[in-house]
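Okay, structure first, notes after.
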Amino acid sequence: MSADPQKIEDDTDEMNIMVAVRCRGRNKREIKSKSSVIVSVPDVMGSNEISINTSDDIVSGLTAQLNSKTYTVDKVFGPSANQRLIFEEIAEPLFNDFLRGYNCTVLVYGMTSTGKTYTMTGDEKLYKGDLSDSAGIIPRVLFKLFETIEFQSDNYVIKCSFIELYNEELKDLLIDSNNTKLKKLRIFDSNLSKSSNNNNISRQNSHFISGMDLRKNPINPINNSNDNTAIQNGNASIYIQNLEEFHIKNAREGIQLLQKGLKYRQVASTKMNDVSSRSHTIFTINLYKEHKGEIFKISKMNLVDLAGSENISRSGAQNQRAKEAGSINQSLLTLGRVINSIADKNIHIPFRESKLTRLLQDSLGGNTKTALIATISPAKLNAEETCSTLEYATKAKSIKNKPQLGSIIMKDVRLKDLNNELAKIKRDLTSTKQKDGVYMTQNHYKDLTNDLESYKTEIQECDRIVKSLELQNALLLKDKKASNEVNKLQELNLNEMTNTLSNIQTTLEIQHKKEQILVEELAHSREKSLKMKTVIKEYSEKEERIQSNMKSIFNDELIKLKELLIENLNGIAKENLIVQTNVKDNIKLIKDDVISIVTESQELSKKLFLEFSQQIIKETPLILEMFSSDVKKNQELNETYFANLFENLESIKQQYSKLNEYFSNDFFKSNHVTIVNDHVNTTKAIIEKSVSDIFKQFQQNMEAFAEQNEKLILENLKTVSSDLIQNEMNSFKEHKSEWDISFKKINHCDYLNNSYHDQMHTYLRNMKGKLQSSDEIIKKHMNQIKSNVDSLNSTPKLLNTDRAIGDNYNQIISKRDKLHDHLQISLNSTQNSLLVFDEICKSIQFAFANYSKTNLQESALLKGRLFADIDPLNDTNLNKQESLTFDKGDAKLTKENNEDMSSKDENKLNNQNVTLIGLKRSHMDLNDSDSPLKSRRIE
Ligand SMILES: Nc1ncnc2c1ncn2[C@@H]1O[C@H](COP(=O)(O)OP(=O)(O)OP(=O)(O)O)[C@@H](O)[C@H]1O
């Protein structure tokens with residue numbers, strides 16, 4: 001490296017911009033459209049001429065040669081020229097100058113898709129720390145730079161910046177565009193600048209970075225970012241305010257910066273290029289050197305990738321793309337004019353007409369070493385653009401720069417500059433004094449006039465900007481005020497909505513609790529109903545069992561009693577016959593002695609028989625009386641029970657018919673849809689109004705808000721439906737209390753039924769006891785009769801021993817016969833009594849049978865009515881509400897199709913009722929004076 005701070009080169013030779021043309025091979029699009037190759041270039045490199053055949057004659061004949069245009073540049077590269085060759089041939093010589101202290105610029109220019117970005121950047125990725133063969137100029141320069149300075153003893157500091165010019169806006173590609181601290185980049189003329197071609201002044205400027213004298217404020221190499229950094233554009237007159245430079249310590253860091261910037265670069269897909277750069281970019285590598293504790297900027301290398309020069313209609317650019325293309329073309333047009341002006345040696349160079357030319361001011365006709373690579377397509381399809389590019393290139397070739405060793409300014413040089421400047425000012429002063437007025441050299445005056453013009457334009461621009469900013473500010477303030485008001489309104493709305501929401505929430509919670517209670521109560525009722533059914537079933541079964549047991553016991557006992565009585569009577573008859581025989585054999589033995597005994601016996605028998613008969617006659621009515629009174633009591637009970645039962649059933653029926661009516665007419669028949677719709681519409685209208693107001697100001701925000709509101713509406717809908725359900729439930733509450741009363745009545749009926757059953761049971765048990773005791777009494781009397789008859793049997797033995805007895809025998813016989821007759825009568829009477837008794841029994845049985853039968857039917861009817869009306873879970877109207885589902889709390893009132901009481905249960909209940917009716921009827925029979933039973937009793 002020759003950039004020795006101590007050694008000052010005074011290189012003031014002009015040199016042309018180095019222009020190269022790189023022609024790629026045909027791309028897929030061109031091949032597909034069968035666009036022929038019209039550019040003749042060496043395959044790799046060699047010639048510095050390019051000829052392009054603009055005629056339709058594709059064969060290289062005379063016409064073709066005549067019509068072909070030839071352009072001469074410094075170097076021409078063909079399709080086979082690789083990236084390495086381009087770097088070595090074009091970028092590397094400039095890179096070497098850059099290290100020597102020259103500011104250098106490499107520009108790529110050309111139509112879209114011709115390979116500008118490929119040439120400048122190429123494949124920037126690192127593969128195991130190395131570059132690929134497709135790596136372009138920037139990565140190669142970075143690698144080369146660190147390879148070179150690695151072996152230098154000097155302390156170099158490398159800093160990079162990366163800017164983009166898109167639609168005439170400058171952007172720092174190394175700063176995240178989302179960064180709020182991002183400051184707008186501005187191009188400024190250096191305040192010390194006088195002329196881009198003024199060596200002395202530009203040298204003066206070269207010390208300033210961030211508006212500071214580097215010698216006083218050396219840049220800290222570690223501190224990469226400095227908000228106030230303004231990069232002076234080399235020795236030229238512009239610097240970019242707010243642009244940040246990043247310190248890199250190796251090539252990898254440089255590549256990372258490049259990648260970061262490329263990520264933010266504006267690219268888009270066009271008809272001509274899938275990844276078309278829509279902006280101009282400048283990657284700048286700044287070389288600083290530390291010397292005696294101070295840091296000096298040595299040089300910089302600008303690597304410029306221009307956006308494609310393109311035909312808008314051909315690139316298919318529309319809207320944004322067309323705007324971009326327009327902007328790109330405008331800046332490139334200005335670039336062309338600048339090139340032409342410099343080439344034509346015009347006095348006025350329109351650098352100021354675009355930012356691009358302002359940025360490139362120093363590289364075009366300035367003191368920078370510049371190389372331009374024009375990229376072209378070989379296809380006929382792009383002939384027009386190719387020619388235009390080559391025109392540019394050849395024009396640019398004539399631009400002469402005066403490369404300067406820019407930055408290594410030593411004290412003595414600086415002193416010399418200052419002396420020169422002082423001398424100039426002194427000369428001007430002397431002239432002024434001598435001419436008694438303002439005097440200056442023609443050149444100085446021209447410069448000043450030019451500057452004045454440009455300052456005037458700038459001031460006008462600034463005025464315009466200030467006015468537009470003020471206008472914008474006023475509008476913004478107005479907007480702010482309006483939005484504040486809207487915000488306040490919105491806040492009010494929000495508060496209202498929040499309150500409504502909290503109210504709704506509270507209501508919902510209460511409703512939810514009520515729903516839960518209702519569900520629990522319903523479950524409880526259902527449980528009770530089921531229990532009741534089970535109890536009724538058990539009760540019916542028990543009753544049936546008792547009845548059948550009672551019947552069988554009653555029958556058995558009566559049959560046994562009857563049999564026993566007949567048996568006893570037959571026994572008496574037999575024994576009487578035996579006695580008759582014995583008396584015949586011992587007739588003589590029977591004497592007067594026994595007459596008294598016989599008489600006694602006769603009397604006793606008679607008495608006993610009478611007693612027995614009386615007893616029977618006395619007992620039977622008593623029993624019947626008792627039976628009758630019991631039956632009467634039962635009848636009364638029955639009547640009360642049935643009266644109560646019917647009364648309750650009637651009331652239950654009424655309640656349930658009311659309930660049915662309510663369910664079919666009122667339950668959920670209210671005009672809820674209208675209420676809901678009104679509610680929704682009102683809410684929606686309010687919200688829509690608010691949204692539309694706000695929408696004007698903050699459209700984007702309000703879209704989100706509208707979404708939120710929609711959710712709220714839905715929630716409101718839910719709440720409203722909950723409210724309605726609550727109302728319905730409240731009105732249902734009244735019916736529920738009636739329902740509960742009905743349940744109580746049913747329970748009371750059940751209780752009456754049970755107590756009736758118990759009474760019946762006790763009564764039947766008493767009946768049985770009485771019958772048993774009557775049986776025992778009869779048995780007792782029969783035994784007494786038997787024992788008396790036995791005692792009579794011993795009488796004939798005594799009669800055998802005495803003739804007198806024989807005499808009396810006949811009397812005795814006759815008496816005996818009489819007695820026998822009496823006995824026979826008595827027996828017949830007893831048998832009649834038994835028959836009567838038998839009939840009573842039959843009547844009782846009949847009564848039981850009738851009771852059972854009738855009770856069965858009535859009970860069936862009764863039960864049918866009762867359970868058809870009272871079973872809440874079988875209620876047909878409730879069934880219509882197939883499922884009442886409440887939104888909140890998962891509480892569900894679900895209709896369950898409870899099975900009807902089984903037919904078995906019904907039969908049992910019916911049995912019970914038939915029995916009751918039978919008893920009632922039999923009781924009436926007994927009381928009826930026409931009843932055969934009663935008439936017999938009277939007998
Ligand atoms: N010399 C070349 N060798 C191989 N491929 C190339 C060459 N030149 C261009 N390409 C390829 O052609 C395509 C277009 O190239 P590139 O994007 O560099 O064009 P461009 O001039 O920068 O276009 P734009 O102005 O639209 O950004 C890319 O895929 C690139 O890899």
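Whatever order the structure lists them in is the order used to number ligands and atoms, beginning at 1.
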Would K125 and D123 count as a salt bridge (charged side-chain N to carboxylate O under 4.0 Å, His left out) if you check the C-alpha gap in whole Å, the side-chain angles of each, and the deciding distance to 0.1 Å?
-> CA-CA 6 Å; K125 289 184 278 302; D123 181 3; 3.5 Å; yes
Which bit of R22 is near ligand 1, meaning a heavy atom under 4.0 Å away: side chain, backbone, both or neither?
->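 For R22, only side-chain atoms sit under 4.0 Å from ligand 1.
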Using only heavy-atom distances, determine whether the side chains of D305 and T117 contain a donor-acceptor pair under 3.5 Å.
-> yes
Ligand 1 contacted by G110 (non-hydrogen, < 4.0 Å) =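 Outside the 4.0 Å threshold, so no.
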Does ligand 1 have any atom sitting under 4.0 Å from a heavy atom of M120?
-> no
How far does CG of L173 sit from CZ of F283, to the nearest 0.5 angstrom?
-> 10.5 Å
Output for pair (K397 NZ, N48 CG), nearest 0.5 Å, gives 8.0 Å
Residue [X] vicinity, atoms of ligand 1 by number, heavy atom under 4.0 Å:
X: G308; answer: 25 (O)
X: T117; answer: 18 (O), 22 (O), 27 (O)
X: K116; answer: 18 (O), 19 (O), 20 (P), 21 (O), 22 (O), 23 (O), 24 (P), 25 (O)
X: M111; answer: 21 (O)

For atom 10 (N) of ligand 1, which of Y118, Y109, F77 has the closest heavy atom?
->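 Going through Y118, Y109, F77 one by one, Y118 has the nearest heavy atom to atom 10 (N) of ligand 1.
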Looking at D305, T112, T114, the heavy atom closest to atom 26 (O) of ligand 1 belongs to T112
Is there any N or O on T375 that sits under 3.5 Å from an N or O of ligand 1?
-> no
Does L306 reach ligand 1 with a nitrogen or oxygen that is under 3.5 Å from one of the ligand's nitrogen or oxygen atoms?
->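 No, L306 has no N/O under 3.5 Å of an N/O on ligand 1.
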From the options L364, I373, I282, select the one residue that forms a side-chain contact (heavy atoms from CB on, under 4.5 Å) with L107.
->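 Running side-chain contact (heavy atoms from CB on, under 4.5 Å) over L364, I373, I282 with L107 returns exactly one hit, L364.
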Considering the options E88, E49, E89, which one meets the salt bridge (charged side-chain N to carboxylate O under 4.0 Å, His left out) requirement together with K75?
->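 That would be E89; it is the only one of E88, E49, E89 passing the salt bridge (charged side-chain N to carboxylate O under 4.0 Å, His left out) with K75.
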May I ask you to decide whether E30 forms a salt bridge with R24, counting only side-chain N to carboxylate O separations under 4.0 Å?
->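 Salt bridge present between E30 and R24.
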Residues K395 and D344 bridged, charged N to O under 4.0 Å | yes
